[in-house]
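In what follows, residues are counted from 1 in the order of the sequence shown. Counting starts at 1 for both ligands and their atoms, following the listed order.
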Amino acid sequence: MNFEYAAAPESRSVVKIDPEYGHFINGKWVKGSTHFNSINPATEEVLSRIALGTASDVDAAVKTARNAFDKSWSKLSGRERGKYLFRIARIMQERAREFAVLETLDNGKPIRESRDVDVPLSAAHFFYHAGWADKLEYAGLETTTAPHGVVGQIIPWNFPLLMLAWKVAPALATGNTVVLKPAETTSLTALLFAQVCQQAGLPEGVVNIVTGDGSTGAAIVNHPGIDKIAFTGSTDVGKLIARAVAPTNKSLTLELGGKGANIVFGDAAIDETVEGIVNGIFFNQGHVCCAGSRLILQESIADEVLEKLKRRMEKIRVGDPLDKNTDLGAINSAEQLAKIHELTAAGDAEGANRWTPSCALPDKGFWFAPTIFTGVTQAHRIAREEIFGPVLSVLTFRTPAEAIEKANNTPFGLSAGIWSEKGSNILWASQQLRAGVIWANTFNKFDPASPFGGYKESGWGREGGRHGLSAYLKGSAK
Ligand code: NAI
Ligand code: MG
């Protein structure tokens, strides 16, 4: 028997959105010269007008960050820096509901995820790094404990607040000051975070937020007053940044794309695995760099897994992101939706078989039904390129060696999953896989203490854990 769910919408009255925002420079709001819209991708409603940062806005932010580094932040002990980070973490917890609703409105992700994943993990990153601030000498790092100085940070739209936390928390804990640019479609939680910095009494100029697009990002990358760049986003832009930074003294970390292999061996517990597959690719609409977007199934169990997976996908609830029952929200932008359409059309044209459950999509906004492709070969574009949407490509294998060969046959190397009852099998496979993060009998689990990053075109360096601290200290590899 099927029960109908009544709608359970979260109230949006907890957030106050200004009709227009400026930049946050030197602890104050600075008016922008021109503005662009930030919309709710679930309804196409205009939420606010965001300032388009120019090279001179970036220059002002870098100067104030340098001044704050020289005059206040570098003079504080680690213990004092830690106090600010603890304060920021606690305020984020206190204002968690506000952050969650705002993130869901601006990004399109389900409130269940922003409330239970993005916001608590963001606060956890500040708590974790607050604890390190006065213990850097004891962290066993291969770098010095001296900060770089001013760091430029450019983040994407898939986890706007969480990526801010991944960037800002370690930078401040290690004594750097920051110029951060959020992604153009999702600036609002970064602007709310600026208010948290004010509320926490963070010294002026330690965190500066300049909103804008790729041209603003390029102005940060090319500014001579910046000592280190940290970027998360597409591999194409990552390559541009690597080229721009190569002839300079800037340090660089890059977190780029992925095409994660989720390998299911014949002895895996099928029902749990099906949940893990769903979480691996449909979490956050598949807008996840470490998504398990290639399912690699042992032939002996492929039919059973696919049948159960399809039955499970029929239960995925697509719709209003603010509804607490929603599993799959809106695609973040018209551009991203077009990219998903383009790549899935290539899947059809190249001969793979598309399947989607019978789900109705809202009329307004940007939506894509959860989709799987079977009959995928390694040559297909949907097996090689990052789709960054709720689309799973299914391949099969007969021997463990074939599974590993297919999993590693990718220009990326960010994440992988292994499903098997046998510990020896898991350990063997994890040693063969060329991926930075490997989950066994689970997927998409994150913790601030655990380093995260990729091989090959998935990026350089690690974020999180002790490894992530090193990247913000002098003596780190480029
Ligand atoms: P993108 O890489 O263009 O955007 C990420 C950030 O970089 C944004 O803040 C953007 O304003 C900034 N940016 C753009 N051009 C820049 C430049 N020349 N210099 C400095 N900063 C620049 O990613 P986009 O276009 O939003 O998404 C395209 C594809 O990239 C997606 O379909 C997905 O496959 C991949 N992607 C991967 C992400 C990841 O977490 N690995 C995150 C976002 C996108
Ligand atoms: Mg938006």
Could you check whether any side-chain N or O of Asp18 sits under 3.5 Å from a backbone N or O of Tyr21, counting only pairs where one atom can act as donor and the other as acceptor? no
Report the member of Gly53, Ser458, Pro156 with the shortest heavy-atom distance to atom 42 (C) of ligand 1. Pro156
shortest atom 44 (C) of ligand 1-to-protein heavy-atom contact is with Phe388 CE2, 3.8 Å
Polar atom proximity, Leu256 to ligand 1 (N or O, under 3.5 Å): yes
Under a heavy-atom criterion of less than 4.0 Å, does Phe231 contact ligand 1? yes
Do the side chain of His380 and the main chain of Thr377 share a donor and acceptor less than 3.5 angstrom apart? yes
Answer yes if a protein heavy atom lies under 4.0 Å from atom 25 (O) of ligand 1, otherwise answer no. no
Identify the closest protein heavy atom to atom 19 (N) of ligand 1: which residue and atom is it, and at what distance? Ala218 N, 3.5 Å
Rounded to the nearest 0.5 Å, the CD atom of Glu184 sits from the OG1 atom of Thr211 at a distance of 10.5 Å
Salt bridge (Lys or Arg N to Asp or Glu O under 4.0 Å) partners for Asp59, two or more places apart: Lys63
Has the side chain of Asn279 got a donor or acceptor atom that lies under 3.5 Å from a matching backbone atom of Phe443? yes
For atom 4 (O) of ligand 1, is the nearest protein heavy atom under 4.0 Å away? no
Protein contact of atom 30 (O) of ligand 1 - nearest heavy atom, named by residue and atom, plus distance: Ser234 CB, 2.9 Å
OG1 of Thr374 to CZ of Arg354: how many Å apart, nearest 0.5 Å? 12.0 Å
So is Ile155 polar-close to ligand 1, meaning N/O to N/O under 3.5 Å? yes
Just jot down the salt bridge (Lys or Arg N to Asp or Glu O under 4.0 Å) partners of Lys167, sequence neighbours excluded, or say none. Glu463
Is the closest N or O pair between Gln336 and ligand 1 shorter than 3.5 Å? yes
